[in-house]
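What follows is a set of notes on a single structure, which appears directly below.
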Protein chains: 2
Amino acid sequence: MTLLVEVRDPCGLAEVVGRLGVPMQFSRDEEIHGQDEPVARLFRVVRGVVRTSRVTIDGRRQIGEFYYAGDVFGLEPGPLHRFAAEALSDSEVAVVKRSAVLQAVGEAAFNAAILDATRRELDMAQAHLLVLGRKSAVQRVASFLMGLAGRRAAGAVDLPMGRQDMADYLGLTIETVSRTLTQLQGDRVVEFASLRRFQVREWPALEALAA
Amino acid sequence: MTLLVEVRDPCGLAEVVGRLGVPMQFSRDEEIHGQDEPVARLFRVVRGVVRTSRVTIDGRRQIGEFYYAGDVFGLEPGPLHRFAAEALSDSEVAVVKRSAVLQAVGEAAFNAAILDATRRELDMAQAHLLVLGRKSAVQRVASFLMGLAGRRAAGAVDLPMGRQDMADYLGLTIETVSRTLTQLQGDRVVEFASLRRFQVREWPALEALAA
DNA sequence: CGGTTAATTGAACGCATTCAACACGAGTGG
DNA sequence: CCACTCGTGTTGAATGCGTTCAATTAACCG
């Protein structure tokens, strides 16, 4: 657990935000920051899961990313939040002003940390591009489940988001997601104990399906 | 022209790379840097157009971005190039070692510039995500043409890449791209003077189609 | 228990793909 | 100048995947 955080946070931004941040509670679907708000604070997930999303002009919803315990979010390419952030379930988030972090660690370390976090965002975005641009429904869902299960190597895995969130994230409809999950379960690749909890039965098969 | 460069390069990275860089010539489809190579240099397009691309395990090709005159490329989230870079047409590229830039401008300015460029990459990636995740073929092609035409407000616009590159970039097949272009032309929204040169006839219609 | 929301399933449709044939343009050599 | 070829782009017909719309079922919570 500690190792994971260290690996994903070589510049210490997550640690600093966690240390300086004020813990705040958010309930299911509560907004943590809004779309088009000015960027002023940094956030770190302490408990629960957070999603970033935005709505396009024609009403379609796009999920930016899902953030899990330890992850930092609130970084944006520009001065405004391009995405809103909401708690998926009841969550605890450490919140701190950017200026406070800047003051605490100095400008050089701050920039380095922001750069590092931005790089990680870019990395995720590019991985996601491959999924959306070139993968079939089964491949998308399989990749997604692998990503979730990868966080907890074996045993039952929590599926913190609903089908609609999955669908918006994967660029599919809720019906296709549902059908695909049913199919994967029918093929004994994964097994759902409940709607929000599953276990990988056949890792090689899942990897093959994720292509 | 100068204004455009300034707007897109507030931290001067493009200017520095252009100034320090050694101009190199690349012919059509020639590789500028390879996939999985270590990141050691920065590049700036002087003349021509450059594409970044990578091939997945199963042989599908993904286009990262297209870079035009003035654009900086060669930035990556990690220590290795996730994408290869190739010249689309005969091009001139200014090449400079990262270490040389670092030494020339100092660590603080270097980091700021890299951060800024990385942010722009992230911005492009997220815009692209919206296209790939939620848009139809017509919307994708229309958006793409708008993006190209936006660089040169009016008159004939150069289409520097072939249909296959467009298709890979937009997550479509070459046939669908071709059909869509034909359709847009039939609807008098755009007009192709030749295969690689077009003009926007109805801006409002094109914007509407791009959604 | 109902009442409500979320998820699944079914059937028909439509868009993009696939596979195949054809057109076009540029370059080459007769 | 024409014939030939090769690469690239276009067009056609059939298929299939994911969507759409609608109905049903399951889960959750009082």
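Residue numbers start from 1 in every chain, and the chains themselves are labelled A, B, ... in the order their sequence lines are given, proteins ahead of strands. Values below: all heavy atoms of this structure, side chains included; hydrogens, waters and symmetry mates excluded.
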Q | Main-chain N/O of B:Arg134 paired to A:Arg60 side chain as donor or acceptor, under 3.5 Å | A | yes

Q) Side chain of B:Arg196, backbone of B:Pro160: donor and acceptor closer than 3.5 Å? A) yes

Q) Of the nucleotides C:dA16, C:dA20, C:dA7, which one has an atom closest to the side chain of B:Thr176? A) C:dA16

Q | Out of D:dT11, C:dT8, D:dC21, whichever nucleotide has its closest atom nearest the side chain of A:Glu175 | A |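 Between D:dT11, C:dT8, D:dC21, the one nearest the side chain of A:Glu175 would be D:dC21.
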
Using whole Å, report how far [atom1] of [X] lies from [atom2] of [N].
| X | N | atom1 | atom2 | result |
| --- | --- | --- | --- | --- |
| A:Gln139 | C:dT17 | CD | P | 14 Å |
| A:Lys135 | C:dT17 | NZ | P | 17 Å |
| A:Leu181 | D:dG18 | CG | C1' | 15 Å |
| A:Leu195 | D:dT25 | CG | P | 16 Å |
| B:Arg196 | C:dC24 | CZ | P | 18 Å |
| B:Gln183 | D:dT10 | CD | P | 14 Å |
| A:Gln164 | D:dA27 | CD | P | 20 Å |
| A:Leu170 | D:dT19 | CG | P | 10 Å |

Q) How is B:Leu172 classified with respect to the nucleic acid when contacts are heavy atoms under 4.0 Å: base, sugar-phosphate, or nothing? A)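 Sugar-phosphate contact only.
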
(Q) Any base atoms under 4.0 Å from A:Ser194, or only sugar-phosphate, or nothing? Heavy atoms, all strands. (A) nothing

Q: Can you label the angle between the B:Phe43 ring and the B:Phe73 ring as parallel, tilted or perpendicular, going by 30° and 60°?
A: parallel

(Q) Can you tell me how the ring of A:His33 sits relative to the ring of A:His81, calling it parallel under 30°, perpendicular over 60° and tilted otherwise? (A) parallel

Check the phosphate of [N] against [X], side-chain N and O only, distance under 4.0 Å to OP1 or OP2. Yes or no?
| X | N | answer |
| --- | --- | --- |
| A:Ser178 | C:dT8 | yes |
| A:Thr182 | C:dT9 | yes |
| B:Thr173 | C:dA16 | no |
| B:Arg179 | C:dA16 | no |

Q | Salt bridge present between B:Arg119 and B:Asp123 (N-O < 4.0 angstrom) | A |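 Result for this pair is no, no salt bridge flagged.
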
